[in-house]
Amino acid sequence: MDKIFVRELRIETIIGFWEWERRIKQVVSIDLEIGTDARVAAASDAIAGTLNYEQLAKRLNEFVGEAQYQMVEALATAIGKIVVQEFKAPWVKVSVAKPGAIPAAREVGIVIERTPGDYA
């Protein structure tokens, strides 16, 4: 399986369960690996044969920017659902990180893998 990837898509959102976290927007960093068959796009050299990652990034910016999740697990699951249902991906790996959430760590977060069957 071929994979399209997006690295460090940084979006401001409400994330966290502490009272102070519910009052401010924080930056989350999102990494995606998306299963695909790149042969169609490679043969045609046209965007019609692949997942449009510009449209995906735009959709995620809108969604995550308006979201108000408490847990990165819930946000990652919702992102996975968008990728597999709206963008018809057969598989996605989603990483959501909160930079600076723990003073001694660069970031903390979650990595999940999902397929369409996970959202049936």
Side-chain angles (χ1 to χ4, degrees):
M1 178 182 304
D2 303 318
K3 297 176 187 173
I4 292 173
F5 67 88
V6 177
R7 300 278 186 256
E8 295 187 34
L9 181 60
R10 299 174 60 81
I11 305 171
E12 287 189 343
T13 190
I14 301 291
I15 186 82
F17 57 88
W18 299 112
E19 183 182 328
W20 68 267
E21 291 180 300
R22 309 303 300 157
R23 293 191 308 257
I24 63 166
K25 285 199 168 192
Q26 300 179 69
V27 173
V28 293
S29 180
I30 301 166
D31 290 343
L32 303 169
E33 289 185 19
I34 305 162
T36 191
D37 183 348
R39 291 177 287 192
V40 173
S44 67
D45 199 24
I47 197 162
T50 192
L51 181 141
N52 185 327
Y53 49 80
E54 180 181 13
Q55 290 298 318
L56 174 60
K58 180 180 177 183
R59 173 69 172 101
L60 293 180
N61 268 299
E62 292 169 358
F63 174 77
V64 175
E66 296 298 318
Q68 294 194 20
Y69 287 96
Q70 292 185 44
M71 307 298 293
V72 291
E73 293 87 342
L75 178 58
T77 299
I79 291 168
K81 185 175 185 179
I82 288 170
V83 175
V84 299
Q85 288 187 339
E86 295 180 26
F87 289 84
K88 308 298 184 211
W91 171 86
V92 64
K93 180 177 179 180
V94 180
S95 302
V96 176
K98 286 176 64 173
I102 297 175
R106 185 182 65 168
E107 59 189 15
V108 298
I110 185 81
V111 178
I112 65 167
E113 295 184 29
R114 298 291 185 267
T115 64
D118 293 311
Y119 299 104

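When reading the values below, keep in mind they use all heavy atoms of this one structure, side chains included, and skip hydrogens, waters and symmetry mates.
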Qualifying residues under side-chain hydrogen bond (donor to acceptor under 3.5 Å, both in side chains), relative to [X], sequence neighbours excluded:
X	answer
R59	E86
E19	R23
N52	none
K98	E21

Do [X] and [Y] sit in one hydrophobic cluster, given that two such residues count as connected whenever their side-chain heavy atoms are within less than 4.5 Å of each other, even indirectly?
X	Y	result
V83	V6	yes
I15	F17	no
I79	I14	no

When rounded to the nearest 0.5 angstrom, what is the spacing between [atom1] in [X] and [atom2] in [Y]?
X	Y	atom1	atom2	result
I24	T13	CD1	OG1	11.5 Å
I82	Y119	CD1	OH	9.5 Å
Y53	I47	OH	CD1	7.0 Å
L60	L9	CG	CG	6.5 Å

Expected list for residues 109-117: side-chain donor-acceptor pairs under 3.5 angstrom, two or more places apart:
residue, atom, partner, partner atom, Å
E113, OE1, W91, NE1, 3.2
T115, OG1, D118, OD2, 3.4

Please set out all donor-acceptor pairs under 3.5 angstrom arising from side-chain atoms of residues 66-77, sequence neighbours excluded.
residue, atom, partner, partner atom, Å
T77, OG1, E73, O, 2.9

* Asked: Please, which pairs that meet salt bridge (Lys or Arg N to Asp or Glu O under 4.0 Å) have at least one residue in residues 40-58, sequence neighbours excluded?
  -> none
* Return the set of residues passing side chain to side chain contact (heavy atoms under 4.5 Å, CB included) with S44 (not counting sequence neighbours), or none when no residue passes. => A46
* **Nonpolar side-chain network containing I102, other nodes, edges under 4.5 Å** => V108
* Please report the shortest heavy-atom distance between R22 and G16, naming the atom on each side. => NH1-O, 2.8 Å
* **For the student: nearest non-hydrogen atoms of A41 and T50, plus distance** => CB-CB, 3.7 Å
Solution key, residues 30-39 side-chain donor-acceptor pairs under 3.5 Å, sequence neighbours excluded:
residue, atom, partner, partner atom, Å
D31, OD1, E8, N, 2.6
D37, OD1, R39, N, 3.1
D37, OD1, R39, NE, 2.8
D37, OD2, R39, NE, 3.4
D37, OD2, R39, NH2, 2.8

